[in-house]
**Student:** 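For reference, the structure I am asking about is given below.
Predicted model only: the values in this text are computed from it and were never measured.
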Amino acid sequence: MAANPVVSGTARTNSSARRDYTALRSVLFLFPAWALLLVFFAGPILLTFYFAFTNLSLTGTAAQNVQFIGFQNFAAMFQDPNFRVSMVNTILFLLASAVLGQQILGFILALLMKEKNPTFRRLIGIIIIAGWVTPEIVVAFCWVAFLSDNGTLNAMLGYAGLQPIAWLYTFPMVSVIIANIWHGTAFSMMVFQAALDDVPKAIEEAAVIDGASRFQVLIRVVIPTVKGSIVTNMILVTLQTLGVFTLIYAMTGGGPGTATQTLPIFMYNQAFVNYQLGYGTAISLILLLVGILASLVYMRSMNVKV
């Protein structure tokens, strides 16, 4: 028997009305969250972009009469030798600390603990994670106490009959890089542990049966399998490392001179020491651009689609 067209039309209308009501209710429930994001996330981002093109200052006439000055902040920035030094220091700190340090060391630690006794893994994990959960300012004080002229490391050198070294003055960048590696490696280790535990053991066993060595299994089976985790961790570690401020500032203050002055410290000095907020905000946009470009390079190098 043919369906009544009036009844069918009414049913479709009611179904459409229910969907509209459900969508409206979802929007209403999500509205507080969207409002918070707009006020505390999107709003500051838009203000940052705007202030980067102004002469905003904490003192003087520019504090009361903010003017749009176009690309003058960026022009002054690229002509400033301190900016170039800060950019080089930032890239060096990023490559040594995030790429060669936390990423590789975290992967090695995760690989060494793979399929080990759960109690052993838990014990080592707690020891390593303790450094990660420690606040940056505490980590900085610990490493200053370890590397200072009268610190633990020089005391150990003295017991060995060697002359003490002013580590924070002679090797300032190496000191902050090692401190940041110690502080952040645990995060990479946990990411890689989870990824390595998900690698099917049958695939590794099949590769061994086919005659592959352990190194070949690692390079041709394990790493391609966890490629997504490698890229994700690299992006997260890069963004975290680019934003490191407290650790370096508390250990060296960006010195001696400009030896450890990275972009965050250069930005802080311009914005809150020299009171040039517009100029400091422009530097923050360059820092953001460095993070975006680095993330794109990681994705392209690992053949991950964006």
**Student:** What are the two closest heavy atoms between Val176 and Met173, and how far apart are they?
**Tutor:**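 Smallest interatomic distance, heavy atoms only, reads CG2-O, 3.2 Å.
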**Student:** In chain order, what residues pass the side chain to side chain donor-acceptor pair (under 3.5 Å) check against Glu204, with sequence neighbours excluded?
**Tutor:**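 So Glu204 forms a side chain to side chain donor-acceptor pair (under 3.5 Å) with Lys114.
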**Student:** Counting only heavy atoms not in Phe78, do more than 12 sit closer than 6.0 Å to its CZ atom?
**Tutor:**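 Result for CZ/Phe78: enclosed.
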**Student:** Can you tell if the side chain of Gln270 reaches within under 4.5 Å of the side chain of Met77, non-hydrogen atoms only?
**Tutor:**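 No, their side chains stay 4.5 Å or more apart.
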**Student:** With side chains defined as the heavy atoms from C-beta onward, is the minimum distance between Leu58 and Phe272 less than 4.5 Å?
**Tutor:**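 Counting from C-beta outward, Leu58 and Phe272 do come under 4.5 Å.
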**Student:** Keeping the roles fixed (side chain from Ser229, backbone from Ala195), state whether a donor-acceptor pair exists under 3.5 Å.
**Tutor:**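 Side chain of Ser229 to backbone of Ala195: no pair is present.
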**Student:** Could you please spell out the steps behind the side-chain hydrogen bond (donor to acceptor under 3.5 Å, both in side chains) verdict for Ser86 and Gln261?
**Tutor:** CA-CA 5 Å; Ser86 300; Gln261 181 176 265; 2.9 Å; yes
**Student:** Tell me whether the count of non-hydrogen atoms from other residues, nucleotides or ligands lying under 6.0 Å of OH in Tyr275 goes above 12.
**Tutor:**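 Not buried by this count: 12 neighbours or fewer within 6.0 Å.
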**Student:** Looking at Pro224 and Ile219, what are the two nearest heavy atoms and their distance?
**Tutor:**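 Pro224 and Ile219 have their closest heavy atoms at CD-O, 3.2 Å.
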**Student:** Tell me, please, which residues at least two apart from Trp167 pass side chain to side chain donor-acceptor pair (under 3.5 Å).
**Tutor:**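 With neighbours one apart ignored, the set is Asn154.
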**Student:** Examine distances only and state if a side-chain atom of His183 and a backbone atom of Val139 form a donor-acceptor pair shorter than 3.5 Å.
**Tutor:**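 No, the answer is negative, given that no donor and acceptor are paired below the 3.5 Å cut-off.
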**Student:** Can you list every salt bridge (Lys or Arg N to Asp or Glu O under 4.0 Å) pair that touches residues 231-252, not counting sequence neighbours?
**Tutor:**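 Non-adjacent pairs meeting salt bridge (Lys or Arg N to Asp or Glu O under 4.0 Å): zero.
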**Student:** Do Trp182 and Ile128 make a side-chain contact, defined as non-hydrogen atoms from C-beta onward lying under 4.5 Å apart?
**Tutor:**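 Not in contact.
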**Student:** Give the minimum heavy-atom separation between Ala186 and Ile129, together with the two atoms involved.
**Tutor:**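 Closest pair (atom of Ala186, atom of Ile129, distance): CB-CA, 3.8 Å.
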**Student:** Take atom CG of Asp210 as the centre, draw a 6.0 Å sphere, and report whether it contains more than 12 heavy atoms from other residues, nucleotides or ligands.
**Tutor:**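 Yes.
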**Student:** Would Leu162 and Val174 show up in the same hydrophobic cluster when neighbours are defined by side-chain heavy atoms closer than 4.5 Å?
**Tutor:**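 Leu162 and Val174: one cluster.
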**Student:** Could you work out, with side chain to side chain donor-acceptor pair (under 3.5 Å) as the rule, every residue matching Asn82, not counting sequence neighbours?
**Tutor:**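 Here no residue qualifies.
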**Student:** Check side chain to side chain donor-acceptor pair (under 3.5 Å) between Asp197 and all other residues, then give those that pass, not counting sequence neighbours.
**Tutor:**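 Expected list: Arg121.
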**Student:** Compute whether any side-chain donor of one residue and acceptor of the other, for Thr260 and Thr252, lie under 3.5 angstrom apart.
**Tutor:**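 Checked: Thr260/Thr252 side chains pair up, N/O donor to acceptor below 3.5 Å.
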**Student:** Surrounding CZ of Arg84 (heavy atoms of other residues, nucleotides or ligands, distance under 6.0 Å), is the total greater than 12?
**Tutor:**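 Yes, because the 6.0 Å sphere around CZ of Arg84 holds more than 12 heavy atoms from other groups.
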**Student:** Among residues at least two apart in sequence or on other chains, which ones pass side chain to side chain contact (heavy atoms under 4.5 Å, CB included) with Ala212?
**Tutor:**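 With neighbours one apart ignored, the set is Ala207, Gln216, Val217.
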**Student:** Decide yes or no for Tyr298 and Val99: does some side-chain heavy atom of the first lie under 4.5 Å from some side-chain heavy atom of the second?
**Tutor:**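 When only atoms from C-beta onward are counted, Val99 and Tyr298 do touch, with a gap below 4.5 Å.
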**Student:** Verify side-chain contact (heavy atoms from CB on, under 4.5 Å) between Gln103 and Thr185, making sure each step is shown before the conclusion.
**Tutor:** CA-CA 7 Å; Gln103 181 88 341; Thr185 298; over 6 Å; no
**Student:** Is it true that atom OH of Tyr169 has more than 12 heavy atoms of other residues, nucleotides or ligands lying nearer than 6.0 Å?
**Tutor:**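 At most 12 heavy atoms, drawn from other residues, nucleotides or ligands, come within 6.0 Å of this atom.
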**Student:** For the CZ atom on Phe71, are there more than 12 heavy atoms of other groups (residues, nucleotides or ligands in this structure) within a distance under 6.0 Å?
**Tutor:**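 It does not: Phe71 CZ has 12 such atoms or fewer within range.
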**Student:** Where do Thr262 and Asn89 land on the side-chain hydrogen bond (donor to acceptor under 3.5 Å, both in side chains) test, with the steps shown first?
**Tutor:** CA-CA 5 Å; Thr262 56; Asn89 288 341; over 6 Å; no
**Student:** Do any N or O atoms from the side chain of Asn73 and from the backbone of Ala52 form a donor-acceptor pair under 3.5 angstrom?
**Tutor:**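 Side chain of Asn73 to backbone of Ala52: a pair is present.
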**Student:** Output yes when a side-chain donor or acceptor of Asn233 lies under 3.5 Å from a complementary backbone atom of Val191, and no otherwise.
**Tutor:**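 A pair under 3.5 Å: no.
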**Student:** In sequence, state the C-alpha distance, the side-chain angles, and the governing distance for Trp143 and Phe146, and then conclude on ring pair (Phe, Tyr, Trp, His ring centres under 6.0 Å).
**Tutor:** CA-CA 5 Å; Trp143 278 94; Phe146 184 72; 5.5 Å; yes
